[in-house]
> 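My questions will all concern the structure given below.
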Amino acid sequence: MKLTLHVWRQKSRTAAGQMVPYTLDGVSPDMSFLEMMDTLNEQLIRKGEEPVAFDHDCREGICGSCNMMINGLAHGPEKGTTTCQLHMRSFADGAELYIEPWRAGPFPVVKDLVCDRSAFDRIIQKGGFVGVNTGGAPDGNSLPIAKKDQDRAMDAAACIGCGACVAACPNASAMLFLSAKVSHLAQLPQGQPERNDRVRAMVAQHDREGFGHCTNINECEAACPKDISVEHIAQLNRDFIASTVSAVVK
Ligand code: FES
């Protein structure tokens with residue numbers, strides 16, 4: 001395959017960036033998108049040019065690092081697929097691809113395609129843990145949890161925190177991410193003691209980080225590589241209202 005790539009190049013957080021065109025030949029349809037980017041970087045290094053900086057870690061769709069807008073879509077055109085799991089056979093020979101970092105105020109670009117997503121870490125730190133006396137290892141069946149609750153918790157836990165929901169949302173809202181993290185623990189008995197405090201602390205941190213509000217556009221669900229449902233946002237809203245009322249009553 002022969003491709004024309006337009007890649008966002010930006011030297012540093014404060015430098016101005018621009019789209020730079022590259023021609024790349026000899027791309028195999030079986031390459032992953034990141035392997036294609038590796039091939040571009042090898043070509044740039046051979047020519048003595050600076051390789052394109054991009055984030056990646058597991059390359060297995062688990063870690064959420066490989067954040068790229070591809071032709072205006074977070075993680076590219078395949079539904080439920082991270083950039084690292086996207087293959088070049090999804091594109092036509094001769095295609096022109098526009099590759100950019102996430103675009104959101106709370107995710108400032110650090111260099112080229114790398115953006116700073118530490119805002120998500122701070123939201124998690126505000127309430128993504130449970131305080132429990134662990135004691136000895138409990139028997140696996142000592143705390144029965146209904147199958148439907150297990151399933152909903154596991155569906156929420158599938159969120160890899162990549163930020164595609166933010167990048168896809170016109171409001172740069174992180175409500176899908178936030179709701180998955182809140183909903184994950186809210187389904188389980190272990191998450192109940194701090195349920196009210198957790199939801200309020202995490203929502204407050206979300207707002208402090210500068211993420212926008214949800215206006216039910218649902219673009220986040222369409223872009224999510226793990227198919228997280230906006231139903232978790234409804235659950236988040238219910239939990240937030242209930243916890244606010246209980247705080248007032250107290
Ligand atoms: S590199 Fe880990 S999800 Fe893509």
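No hydrogens, no waters, no symmetry mates; every other heavy atom, side chains included, goes into these values. We count ligands from 1, going down the list as the structure has it; atoms in each ligand are counted the same way. Throughout, numbering of the chain's residues begins at 1 and tracks the sequence.
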> Check this for me: does any side-chain nitrogen of one of E35 and R59 sit under 4.0 Å from a carboxylate oxygen of the other?
no
> Heavy atoms only: give me the nearest N171-C214 pair and the separation to one decimal.
ND2-C, 4.4 Å
> Check each atom of ligand 1 against the heavy atoms of R59 and keep those under 4.0 Å away; list them by number with element.
1 (S), 2 (Fe)
> Restricting to non-hydrogen atoms, name the atom on W102 and the atom on M68 that form the minimum distance, rounded to 0.1 Å.
CZ3-O, 3.2 Å
> Report yes or no: does a heavy atom of T83 sit under 4.0 Å from some atom of ligand 1?
no
> Could you list the atoms of ligand 1 found under 4.0 angstrom from a heavy atom of G61?
3 (S)
> Could you tell me if Q235 and D239 have a donor-acceptor pair between their side chains, going purely by distance under 3.5 Å?
yes
> Under 2.8 Å from atom 4 (Fe) of ligand 1, can any N, O or S atom of C63 be found?
no
> For I62, take its heavy atoms, then give the atoms of ligand 1 lying under 4.0 Å from any of them.
3 (S)
> Give the residue and atom name of whichever protein heavy atom lies nearest to atom 3 (S) of ligand 1, and the separation in Å to one decimal.
G64 N, 3.2 Å
> When you measure from atom 2 (Fe) of ligand 1 to the N, O or S atoms of C58, does any of those distances fall below 2.8 Å?
yes
> Take a 6.0 Å sphere around NZ of K11 and say whether it holds more than 12 heavy atoms from other residues, nucleotides or ligands.
no
> Which of parallel (below 30°), tilted (30 to 60°) and perpendicular (above 60°) describes F107 and F120?
perpendicular
> Taking S90 for the side chain and L86 for the main chain, is one N or O donor matched with an acceptor at less than 3.5 Å?
no
> With a cut-off of 2.8 Å, does C84 put an N/O/S atom close enough to atom 2 (Fe) of ligand 1?
no
> For D57, counting its heavy atoms only, list the atoms of ligand 1 lying under 4.0 Å from any of them.
1 (S)
